[in-house]
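Heads up: the structure comes next, in structure tokens.
So that the names make sense, note that chain A is the first sequence line, chain B the second, and so on, each numbered from 1.
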Amino acid sequence: MANNVEVKEIKYTAKDFASDQEVRWCPGCGDYSILAQVQRTFPEIIDRPKEKIVWVSGIGCSSRFPYYMNTYGFHGIHGRAPAIATGVKLANPELSVWVASGDGDLLSIGGNHFIHACRKNIDLKILMFNNRIYGLTKGQYSPTSEKGKITKTTPYGSVDYPFNPPMLALGAEASFIARSIDRHPKHLQEMIRRAGLHKGTAFIEIFQNCNIFNDGAFALLTEKDTKDDHVLELVHGQPMIFGKNKDKGIKLDGLTPMVVDLTSGKYSKDDLWVHDEFDPNPARTAILAMFDETPGFPTPIGIFRQIIKETYDEGLFRQIEEVKKKKGEGDLEKILFSGNVWEVN
Amino acid sequence: MANNVEVKEIKYTAKDFASDQEVRWCPGCGDYSILAQVQRTFPEIIDRPKEKIVWVSGIGCSSRFPYYMNTYGFHGIHGRAPAIATGVKLANPELSVWVASGDGDLLSIGGNHFIHACRKNIDLKILMFNNRIYGLTKGQYSPTSEKGKITKTTPYGSVDYPFNPPMLALGAEASFIARSIDRHPKHLQEMIRRAGLHKGTAFIEIFQNCNIFNDGAFALLTEKDTKDDHVLELVHGQPMIFGKNKDKGIKLDGLTPMVVDLTSGKYSKDDLWVHDEFDPNPARTAILAMFDETPGFPTPIGIFRQIIKETYDEGLFRQIEEVKKKKGEGDLEKILFSGNVWEVN
Amino acid sequence: METEKEKELLQLKEVTIRFAGDSGDGMQLTGTQFSETTALVGNDLNTLPDYPAEIRAPAGTIYGVSGFQLHFSSEDIFTPGDQPDVLVAMNPAALKKNLPELKKGGMIIVNSDSFDIKNLNLAHYESNPLEDGSLDGYQVYQVPISSLTANALEGVKLSPKEVARAKNFFALGLMYWLFNRPIDKTVQWIHEKFAKNPEYIEGNEKALRAGYNFGEMTELFTARYTVEPAKLPKGTYRSISGNEATALGFLAASVKSGLPLFLGSYPITPASEIIQYLSTYKNFGVKTFQAEDEIAGITTAIGASFAGNLAITSTSGPGLALKTEAIGLAVMTELPLVIIDVQRGGPSTGLPTKTEQADLLQAVCGRNGEAPVPVLAAATPSDCFNMAIEASRIAIKYMTPVILLTDGYIANGSEPWKIPHVNELPEIPVKFRTEKEGFYPYLRDENLARPWAIPGTPELEHRIGGLEKSDIYGNVSYDPDNHHKMVTLRAKKIKNIENDIPLLEVEGESSGELLVLGWGGTYGAIKEAVNKARAQGYKVSQAHFRYINPFPKNTEQVLKSFKKILIPEINLGQLAKLIKSEFLVDVQQFNVVRGLPLRVADIVDQIIKTLGGNNGK
Amino acid sequence: METEKEKELLQLKEVTIRFAGDSGDGMQLTGTQFSETTALVGNDLNTLPDYPAEIRAPAGTIYGVSGFQLHFSSEDIFTPGDQPDVLVAMNPAALKKNLPELKKGGMIIVNSDSFDIKNLNLAHYESNPLEDGSLDGYQVYQVPISSLTANALEGVKLSPKEVARAKNFFALGLMYWLFNRPIDKTVQWIHEKFAKNPEYIEGNEKALRAGYNFGEMTELFTARYTVEPAKLPKGTYRSISGNEATALGFLAASVKSGLPLFLGSYPITPASEIIQYLSTYKNFGVKTFQAEDEIAGITTAIGASFAGNLAITSTSGPGLALKTEAIGLAVMTELPLVIIDVQRGGPSTGLPTKTEQADLLQAVCGRNGEAPVPVLAAATPSDCFNMAIEASRIAIKYMTPVILLTDGYIANGSEPWKIPHVNELPEIPVKFRTEKEGFYPYLRDENLARPWAIPGTPELEHRIGGLEKSDIYGNVSYDPDNHHKMVTLRAKKIKNIENDIPLLEVEGESSGELLVLGWGGTYGAIKEAVNKARAQGYKVSQAHFRYINPFPKNTEQVLKSFKKILIPEINLGQLAKLIKSEFLVDVQQFNVVRGLPLRVADIVDQIIKTLGGNNGK
Ligand SMILES: Cc1ncc(C[n+]2csc(CCOP(=O)(O)OP(=O)(O)O)c2C)c(N)n1
Ligand SMILES: Cc1ncc(C[n+]2csc(CCOP(=O)(O)OP(=O)(O)O)c2C)c(N)n1
Ligand code: SF4
Ligand code: SF4
Ligand SMILES: [Mg+2]
Ligand SMILES: [Mg+2]
């Protein structure tokens, strides 16, 4: 419910969040869906007047996002969105600060700002549009492109391994790690909603189809025939079940996950690994993150983990208050005339 | 054994690796021990003539390291050592390339190059001298400084959380992750030896005392009275036991590690978690990495994990050979005169 | 479009055509094909692709219009033409956007099918320009290209969408007919390109032929045009763009120096093609490393240079800004390295797909400390080849980073290139230091260059880095006098390069009233303008810098030989600044910063104005 | 050291003392204490700390010597002194390193205990200089400082190492006696500093008093010296370093503008103290964000500026290089921001702890595209306070990034500062846009500044970024003519600031033979040199830039009023380049790049040389 304590109750609709700028992505681009889901979700999750929302981005197709949101917006330079957003948040902690970024923007040139924002737990919501390609520069491989991928800069196939984004976020101890897909609007809305409610750095990896330079990258996860067998929707408190007929599950054997067949009679729901998104143990996220890289395993979407700890901004302003309490409000005249002063007459 | 197949057998001693430059760290600095252990280990692990060794660094006290090694050396600019080293390795894959870096150099300004080197699995050995402070610039806090630490830039205590370096390396899927301590020379030598033998990005976090700006940061782990109760030495194939009287052990309960008392009679060695450094499951490293942050747990040192996969340089040169095989050695004349050419007479 | 004879097949000296349509309409492809064929026919030519920053802007919008202009001639030409003679507009937005630049009385060929309400609205037309008389004064040809293509492709197994996409081949075929060029090269290209897709081959070829035949059969066009082959010097030619020439130049430098090529780079428009081209030459041992960012691009290259590769890094303005700190490192460590900056519109992200010349001062002096670096600039698309070799030669000979400036216009534009044979290319001698005797890392040779002793060389182990170096020994030195000496030495080393580069050439009289002075990618526009002005009787000469730091040795003498100096630049006067501070001569500036090449006519006007209306006497 | 009267207590006009010893010997502390006391006594003073890049180089080595020079006087002074009159050398290395700069016939006080074989060897002495006659011609005082300190501290509960460390207080006490200054300020400081360590208080105080008494009691020194208070303008004073003044200046700007201060910064020598000082002012709401790198330092500041804070970022040369791309973003988004560059020796890592002026061109033109930025430079340590306020004022009033240059010398050096009262400081008016009516993000006011409409303001939601902006509306625009217009507008906005800054002041005759022109931290050295030359009868004036881009409006007129212009700089002629290109006047350069402040005597020589030996007639 849009409910703003400071002023008066404000009710927004999705349309209130659409700016007057024409949307300029390629027809068919997955970015349209992400924009739509954000605009649909915002009336529900935004707990303050919309002038207190700021969208920050870097450079890339995805980074055009702020232009299309009728909020304050900053289209930054390549890779620096998390840092610019940090400055916005620290300048005015009352703002709700959102970052739109691409796999190149956030994980290639911007990788350092990303991991440091996570480490510091700055209260930012970071949406990474992962199309596993550089869209805006027309089709070079990205740090999330599969090894062996043929692109404009890798005509014989790339030789490096991709990042596993939730794993990287875990490495930086991000307090909220989630994943969704452009083509699953309801799920994506839920992730946006949950990120919006989280305090601290919230990271959502969104699989996004670039129909021009990497069409079908996520087809297995989005096409009707295949998606149920390839996507595992993580639900807090629920056993991990997937498959067209809900016939497969994940069991944990020590640290080792296994895919089990629920129809064989050998395993039942009670044997399955139950998802606990509040589990602070990083091992859970690490195991889930590796599913993608493990043949036979489904790709998890949903909230990998969510933990509550003081944010950087809270810490900063807490400290300012503490020092003020201890030393009194700053008095410039006193500071100027402090130290070893002497008089000349 | 120094054994070089290409030329003739070469026997080096530690002294051969000492350059003619006076070592200029503060008296008592932990860096001296790291230098000594490297010089002691090299005769044993270096499998090629020493002119094929290159040390690369960034900027910091630790980054002065290359000057003191009688090998080729490059004292780079702040944070860029992994990238410079990557260039060296790719230019000439016969070189053995080592990086010396600090917690600020590698994880603050250099964080992005570090995670990308790990991701790409470039065959570099990275030694990070972690003194949890900026030494060279005289005592500002670093991304590994504890939250609440009082330093020159945090007179009221820092408000951010530190990186957990093995966890970050895991997030970037580094193929070799280890930790040692300046004051444990034998152990440190072993880690250097093992890193030297690994193919791919090998990361060693070395706890290093900065006696000027952060003295005693690792005292619990190095002082006689306390170290046995606070350090867990990981040994492949061995159960995890620590304590002055080898009386404590680590047991795994599902994903949750527990410290158990081996003297109570309730638990025996057989109940303990056995270390497997070749376990590709990231959950193991994640759990081990969190020990540090968990009260009551010892700090693991040793090899957290080590996995074998194609390195970037191997992939690159494999591809070059493949293309040569397919298309023949490049012929410039042919390339120049290719495409739509026409004659003017 | 100057008509020579008045008959059914009209001979023209030169024509400028612009193809314009939606980003998805394949205009770049159409333009490139027309250029290739035109080159093969033997015309001189020059092209200007112009595409939006959006990848595929929604169909029908003005900002989504993609254009490709080409200028071809039976004589030498140097620019893509100020104003098109012929506009091919695939939809109303394309007409709307491009009409203002069409020559008065020019020819317009429109796809009349696309002039429906929806598209007219998207183009912000209030009434149909084909009907409301607003095109009076132009020769307008309405061709229902979409429906004619659809008819032609009936029976081909393609979806309606695919059929619609073939319409650019219809337009291309029609233009081939109109300008009397053969279609076979394009037919061949279609067969190669779509080898795996027989339906595409069939569809596109049919559309192409239908367009050609449409010209032949209908009465719509009463005349055809032809442009005779240009009298180019004897040789083998190909049409080449600046980025491709740059890539080939470095490939050649690698072969001629015997050093493996290492490129550390991060993609950025309009430089990305350089890494893309070079990544295809793996069988030359070329290593293209797509780095995590520009800083890693240059620092990997610095590492590769230290280890003995021919190391380069390519980027555009914002990337050059990020590389500045590392360039300083290469200056201090005195390692060979070439930094290619394909300039685009700035500041900041600016106009990423447009051209500009505003990175010159950044290249010359945008570094902390006294960090002198040679700066070269290519003048035309094919000149990028030469300058890439030159930049490599200087970098290696003087052990220094070198900045090579090109720009979006010459990078994407193309021109016929007389291909040199490998044995005609200059050798690039490399001497790695191997002897131990007398080796010191910072001992200098006659060029003030220090030895290149690469890892792997026995007994030459040494350490370098970014801290100040002691003279000769190369150890870290904080000695005040040594620092002054080294700062001076580094400056002198770069200044000395003036003895090793061509003199500044004056085209036209070598002294007189007015010299038009330029640098880099404006060469063609200035040349054409000076030629025109001279043809009109104005006394004016041209000189053009391809070496800017240091300037050619005779620069002062050239400058002093003219009463007035006019410097046209696509910036606010950056070369002018350098010239004034270096030679203390007054200059007239002509600065137009529109993200586009300078217009010949504007330069001519400026020449006339500078000469005060009289023709230089 | 000019003696005025010849009696037991000798009066001097000015003295320059250099304390030198191991990095671990506490020389910086000794120097600072002596300075503080000397300031309190009422002398004018100027200091030059000089420490090695190593943190604690091994004891006894030459490269490990740390020095602190201070110059104090009964008259106005402007430099730390070319050559010390008095050298306090705590060990042979300190003597070896500093002797060459000591004035002929100067006084040397050595810790004779330290002249043992080991230390002599470490200092590369072949024989003991105290014995071999090599110090003949100097007044040498051998004081066994170590053993005297040990004796004095007998019975104090300190380890031998701690006792040894107290010897700098002995030396300080001795110098207090010799120059007739009170010890109580230092006693008080010891009590405060070591409040938690009574043994340290006891030990250090005893050492200090022992040193003082040693002078009093022994016959070693036959005379004491005194320097009368300087006749400074009436007011309250403190001694202040440039970095502290910079921090206070921004704190004041925050208070006077009513904007919270946000500093995004990454530590780097010699700029780190700015963030360190500001981090102590949390009770002013000051936010100091130690970023992961320089790029995050500036981009967080840009974000904070967008959100309405007074945003600044501090660094030194290599960091400025890294910030260039982001400065361009601030130019395009037209947001207020101050970038402080405390210049150090370059290029690359260079000489990190030394001073230089070689970042000027980087500041003025080191960015991609046409990205004009005002550049200011502080002239003295206390002037950093004023210029920080000025930089903030200009940034806010013109909605622009501003670069403020200081340097290692003024950053670390200190001088007495007449403290201004808060109500005497200029107001910095801020008007955030709040009215919706007529709001456009790029509509300009009379200063060509766009409105500052910060997030949180209802109904002014808008988007900005690094792509070219349409005039007035601020939407993304690829229109060629708009680009030209915006490039020109941005340049004009910065140029216009010339109407809002003080005119260039000429000290001395306002026209004539020779003008010595400088900028930034060389003010004091040039001033003293010009004064000296004038005292010798030479006709010479001085003008000094604190505003470099744009130059003050009357600059051309000032330049044209002199026959010759001499520009001394600690670089290879960067201001000279700007002056020549902007005003087309010839200048003489004097460039010494030794990582140290210019020497007064050298400038005097240069003045005389430039005047051709005759005194300017
Ligand atoms: C400093 C800098 N380097 C490079 C670029 C060129 N560039 C723009 S967007 C981009 C990558 C875009 O990829 P991604 O972030 O995945 O976004 P997408 O377009 O795929 O949504 C690059 C390399 C730039 N604008 N600035
Ligand atoms: C671009 C740049 N930024 C900042 C600095 C200043 N600087 C030098 S070393 C350093 C940090 C050193 O810390 P660390 O890497 O932990 O090394 P340590 O000295 O502790 O061994 C910094 C901030 C620099 N030299 N260059
Ligand atoms: S290029 Fe790809 S990511 Fe970019 S707008 Fe087009 S479809 Fe979307
Ligand atoms: S400052 Fe610290 S890390 Fe640096 S040399 Fe001294 S003790 Fe070692
Ligand atoms: Mg992408
Ligand atoms: Mg450190």
Heavy-atom donor-acceptor pair, [X] side chain to [Y] backbone, under 3.5 Å:
X: B:W342; Y: C:R238; answer: no
X: B:E333; Y: C:V422; answer: yes
X: C:R463; Y: B:M69; answer: yes
X: C:N283; Y: B:G328; answer: yes
X: B:Y72; Y: C:T457; answer: yes

Does any non-hydrogen side-chain atom of [Y] lie less than 4.5 Å from one of [X]?
X: B:F337; Y: C:H421; result: yes
X: B:V344; Y: C:K418; result: no
X: C:E459; Y: B:E51; result: no
X: B:Y67; Y: C:V476; result: yes
X: C:T300; Y: B:I84; result: no

Is [X] close to chain B through its backbone or its side chain, or both, or neither, when contacts mean heavy atoms under 4.5 Å?
X: C:A311; answer: neither
X: C:I454; answer: backbone
X: C:K185; answer: side chain
X: C:W189; answer: neither
X: C:L259; answer: neither
X: C:T333; answer: side chain

Options [options], ranked by heavy-atom pairs under 4.5 Å with chain B, top entry:
options: C:E325, C:E461, C:M332; answer: C:E461
options: C:A230, C:A252, C:P260, C:G42; answer: C:A252
options: C:Y281, C:Y237, C:F385; answer: C:Y237
options: C:A39, C:G466, C:P233; answer: C:A39

Heavy-atom distances under 4.5 Å only: say whether [X] touches chain C with side chain, backbone, both or neither.
X: B:K50; result: both
X: B:H116; result: side chain
X: B:S338; result: both
X: B:E322; result: neither
X: B:L95; result: side chain

Whether over 12 other heavy atoms sit under 6.0 Å from B:Y32 OH: yes
Atom NZ of B:K309: over 12 foreign heavy atoms under 6.0 Å: yes
Geometric cation-pi criterion, B:K324 with C:F284: 6.0 Å, 45°: no
To check you understand the geometry: which heavy-atom pair defines the closest contact between [X] and [Y], and what is its length?
X: C:K282; Y: B:L316; result: CE-CD1, 4.1 Å
X: C:P420; Y: B:L336; result: O-CD1, 3.6 Å
X: B:K327; Y: C:T280; result: NZ-O, 3.8 Å
X: C:A307; Y: B:A91; result: CB-CB, 3.6 Å
X: B:V54; Y: C:P455; result: CG2-CB, 3.6 Å

Taking atom [atom1] of [X] and atom [atom2] of [Y], what is their separation to the nearest 0.5 Å?
X: B:D20; Y: C:H462; atom1: CG; atom2: NE2; answer: 12.5 Å
X: B:I59; Y: C:L467; atom1: CD1; atom2: CG; answer: 5.5 Å
X: C:L40; Y: B:E343; atom1: CG; atom2: CD; answer: 11.0 Å
X: C:I295; Y: B:I109; atom1: CD1; atom2: CD1; answer: 7.5 Å
X: B:H75; Y: C:L329; atom1: NE2; atom2: CG; answer: 10.0 Å
X: C:K287; Y: B:I320; atom1: NZ; atom2: CD1; answer: 6.0 Å

B:I115 vs C:E292, side chain to side chain contact (heavy atoms under 4.5 Å, CB included): CA-CA, chis, key distance, verdict: CA-CA 10 Å; B:I115 58 177; C:E292 55 272 26; over 6 Å; no
Mutual orientation of the aromatic rings belonging to B:F74 and C:F306 [parallel < 30°, tilted 30-60°, perpendicular > 60°]: perpendicular
Choice from B:N70, B:N92, B:T86 maximising heavy atom contacts with chain C below 4.5 Å: B:N70
Greatest number of heavy atom pairs closer than 4.5 Å to chain C - which of B:V323, B:N112, B:N345: B:V323
